[in-house]
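Have a look at the structure below before the remarks.
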Amino acid sequence: MPIYEYRCRKCGHAFEKLVASSSASPGNCPECGAPKPEKQFSTFSASVASAGVLPCSSGACPTPSACGGGSCSTGACPFSN
């Protein structure tokens, strides 16, 4: 279930709510109890691959120009941590 961000139209209190879907109601403002808080635009978070599964872990870059010739053996790969 996603976490959505909301802001109360009455008191301005910002809060997050874990809801079942984007159409589900977040309920009332936890600060003042006003109904229908406004959904905010927000960013998302994603996991990053560990060094063992990066494209360069095998020594070959995904693009030849990325590491000056297609090899990450110099340690200059932009995909390494």
Side-chain angles (χ1 to χ4, degrees):
M1 287 193 299
I3 296 175
Y4 291 98
E5 295 178 21
Y6 296 91
R7 180 173 304 276
C8 178
R9 296 171 195 247
K10 182 178 178 184
C11 73
H13 177 69
F15 63 98
E16 297 175 343
K17 185 78 174 188
L18 182 68
V19 293
S21 71
S22 61
S23 62
S25 172
N28 296 340
C29 172
E31 191 74 18
C32 73
K36 298 182 183 176
E38 179 178 53
K39 188 185 287 186
Q40 302 293 295
F41 288 105
S42 61
T43 60
F44 68 95
S45 177
S47 298
V48 180
S50 66
V53 295
L54 289 171
C56 296
S57 63
S58 65
C61 285
T63 61
S65 62
C67 294
S71 174
C72 295
S73 59
T74 63
C77 180
F79 298 102
S80 62
N81 290 340

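No hydrogens, no waters, no symmetry mates; every other heavy atom, side chains included, goes into these values. Here the structure is a predicted model, which is why all the values come from computation and not from measurement.
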Closest non-hydrogen atom pair, K36 against R9: O-NE, 3.0 Å
Across all chains, not counting sequence neighbours, the side chain to side chain contact (heavy atoms under 4.5 Å, CB included) partners of P30 are H13, F15
One should read off an interatomic distance between Y6 OH and E38 CD, to the nearest 0.5 angstrom, of 11.5 Å
To check you understand the geometry: which heavy-atom pair defines the closest contact between G27 and P37, and what is its length? O-CD, 3.1 Å
Check whether R7 reaches the backbone of Q40 with its side chain - one donor and one acceptor, N or O, closer than 3.5 Å. no
For A34, the side chain to side chain contact (heavy atoms under 4.5 Å, CB included) test, sequence neighbours excluded, returns C8, K10, C32
